[in-house]
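Bear in mind the structure is a predicted one, so any value in this text is a computation, not a measurement. Worth knowing before you read on, the calculation uses all heavy atoms, side chains too, and leaves out hydrogens, waters and symmetry mates.
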Amino acid sequence: MTVQILRKKFTVGQYHQMIESGILTDQDHVELIQGEIIEMSPVGRHHAACVDRLTELLVLTLCRQALIRVQSPILLSDNSEPQPDLSILQRREDFYHAGHPTPDNIFALVEVSDSTIAFDRDVKVPIYAQEQIPEVWLVNLNDTQVECYRQPIANTYQQFQIFNLGETLNIQAFPDIPIEVNQIFG
């Protein structure tokens, strides 16, 4: 006899109701991915340092052209509200007070990964492609590389490139601003 396990999928609205009612609190480090509430891994010191380094770098280089959000929610669909490590967004006067950024507001996303590399690469990147996020960087702390995904189509990216120490990359929306991989890893 085969037993089928049923899973309850949640919408963003239901997810927010759980937050507002106190079922989920600030102590719950979770995000909503394809209707499932996923517990986020604890942030280690290498991960935190890389996010801080990238934040400073991007804020200093893009402060007049984009808004940089750190580990904050983005609204991708009715069942996904992930919290990428960095979101590079169109500037808005209200700083997204009226609602979380949506794919139309996003220039690029950055995920910094070590223990979550497989999940970020195999689950989050395809979701970002499906929702037409134009560019995603996966900062691979294990291999000291930046995986750059561009040109989304369906649930994949047509362009994929790996950047190593000593190389330079840029954000597609800001091609005249070079970023050295060494600056990302310190």
S.K.: Within the structure provided, determine whether I133 and Y157 are in side-chain contact (heavy-atom separation under 4.5 Å).
M.R.: yes
S.K.: Please check if the side chain of T25 supplies one atom and the backbone of Q27 the other of a donor-acceptor pair under 3.5 Å.
M.R.: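 Present.
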S.K.: Show the nearest heavy-atom pair for residues E131 and L76, with the distance to one decimal.
M.R.: OE1-O, 3.1 Å
S.K.: Could you give the distance from CZ (F185) to CG (L54), rounded to the nearest 0.5 Å?
M.R.: 8.5 Å
S.K.: Looking at every heavy atom in both P84 and S72, which two are closest together, and how far apart are they?
M.R.: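 Looking at all heavy atoms of both residues, the shortest contact is CD-O, 3.7 Å.
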S.K.: Going through the distances and angles, do E167 and Q161 end up as a side-chain contact (heavy atoms from CB on, under 4.5 Å)?
M.R.: CA-CA 12 Å; E167 296 181 327; Q161 192 170 358; over 6 Å; no
S.K.: For the side chain of E135 and the backbone of Q172, is there at least one donor-acceptor N/O pair under 3.5 Å apart?
M.R.: yes
S.K.: Below 4.5 Å, heavy atoms only, C-beta onward: do D120 and I117 meet side chain to side chain?
M.R.: no
S.K.: Can you name the closest pair of heavy atoms from L75 and P103 and give their distance?
M.R.: O-CD, 3.3 Å
S.K.: Supply the atom-to-atom distance W137 CH2 to I179 CD1, rounded to the nearest 0.5 angstrom.
M.R.: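 That separation rounds to 4.0 Å.
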S.K.: Looking at every non-hydrogen atom in both residues, tell me the closest pair between V12 and S80 and how far apart they are.
M.R.: CG2-N, 4.0 Å
S.K.: Any link between L86 and Y128 through a network of hydrophobic side chains (Ile, Leu, Val, Met, Phe, Trp, Tyr) touching at under 4.5 Å?
M.R.: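 In one cluster: no.
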S.K.: Is a side-chain N or O of N182 found less than 3.5 angstrom from the main chain of G166, in a donor-acceptor match?
M.R.: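 Checking the backbone N and O of G166 against the side chain of N182, a donor-acceptor pair under 3.5 Å is found.
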S.K.: Between E31 (side chain only) and Q83 (backbone N and O only), is there a donor and an acceptor less than 3.5 Å apart?
M.R.: yes
S.K.: Same cluster or not: are I23 and L32 linked, directly or through other Ile, Leu, Val, Met, Phe, Trp or Tyr residues, by side-chain heavy atoms under 4.5 angstrom apart?
M.R.: yes
S.K.: Group every Ile, Leu, Val, Met, Phe, Trp and Tyr by side-chain heavy-atom contacts under 4.5 Å, then state whether V125 and I162 land in the same group.
M.R.: yes
S.K.: Just jot down the ring-ring contact (aromatic ring centres under 6.0 Å, His included) partners of F160, sequence neighbours excluded, or say none.
M.R.: Y149
S.K.: Please assess N79 against T11 for the test side-chain contact (heavy atoms from CB on, under 4.5 Å), listing each intermediate value before the final yes or no.
M.R.: CA-CA 5 Å; N79 67 357; T11 66; 5.8 Å; no
S.K.: Under 4.5 Å between any side-chain heavy atoms of I88 and I68, yes or no?
M.R.: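 Result yes, sub-4.5 Å side-chain heavy-atom pair found.
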S.K.: State whether the side chain of Q90 and the backbone N or O of D104 hold a donor-acceptor pair below 3.5 Å, judged by distance alone.
M.R.: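 The answer is yes, because a donor-acceptor pair under 3.5 Å joins these two groups.
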S.K.: If you define the side chain from C-beta out and look only at heavy atoms, does anything of N164 sit under 4.5 Å from V181?
M.R.: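 With C-beta onward as the side chain, the pair stays apart.
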S.K.: Might you confirm whether atom CD1 of I153 has over 12 heavy atoms from other residues, nucleotides or ligands at distances under 6.0 Å?
M.R.: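 Not more than 12 within 6.0 Å, no.
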S.K.: Applying the side-chain contact (heavy atoms from CB on, under 4.5 Å) criterion to S113, which one of L138, N142, N140, L141 satisfies it?
M.R.: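 Answer to the side-chain contact (heavy atoms from CB on, under 4.5 Å) test with S113 among L138, N142, N140, L141: L138.
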S.K.: Taking all non-hydrogen atoms of both residues, which atom of A98 and which atom of D94 are closest, and how far apart?
M.R.: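 Shortest heavy-atom separation between A98 and D94 comes out as N-OD2, 3.1 Å.
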S.K.: To the nearest 0.5 Å, what is the distance between CZ (R150) and CD1 (I171)?
M.R.: 9.0 Å
S.K.: Hydrophobic cluster membership, with links at side-chain heavy-atom distances under 4.5 Å among I/L/V/M/F/W/Y: are L165 and V139 in one?
M.R.: yes
S.K.: H100 versus R69: any side-chain heavy-atom pair under 4.5 Å?
M.R.: yes
S.K.: Under 4.5 Å between side-chain heavy atoms, counting indirect links through other Ile/Leu/Val/Met/Phe/Trp/Tyr residues: same cluster for V30 and M18 or not?
M.R.: yes
S.K.: Nearest 0.5 Å please: distance from the CD1 atom of I177 over to the CG atom of L62.
M.R.: 4.5 Å
S.K.: Taking side chain to side chain donor-acceptor pair (under 3.5 Å) as the cut-off, I'd like each qualifying pair that reaches into residues 34-57, sequence neighbours left out, listed once.
M.R.: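 Counting only pairs at least two positions apart or across chains, the side chain to side chain donor-acceptor pair (under 3.5 Å) contacts touching residues 34-57 are R7-E36, K9-E36, H47-D85.
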S.K.: Would you name the heavy atoms of R121 and P126 that are closest together and state the gap between them?
M.R.: O-CD, 3.3 Å
S.K.: Please name all residues satisfying ring-ring contact (aromatic ring centres under 6.0 Å, His included) with F107, sequence neighbours left out, ordered by chain then number.
M.R.: F174
S.K.: Look at the side chain of T116 and the backbone N and O of F119, then say whether any donor-acceptor pair between them is shorter than 3.5 Å.
M.R.: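 No, T116 side chain to F119 backbone: no donor-acceptor pair under 3.5 Å.
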S.K.: Answer yes or no: is there a side-chain heavy-atom contact under 4.5 Å between Y96 and L67?
M.R.: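 Answer yes - side chains close enough.
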S.K.: Under a 4.5 Å cut-off applied to non-hydrogen side-chain atoms, are Q71 and M40 in contact?
M.R.: no
S.K.: Quick one, I37 and L24 - any side-chain contact, counting heavy atoms below 4.5 Å?
M.R.: yes
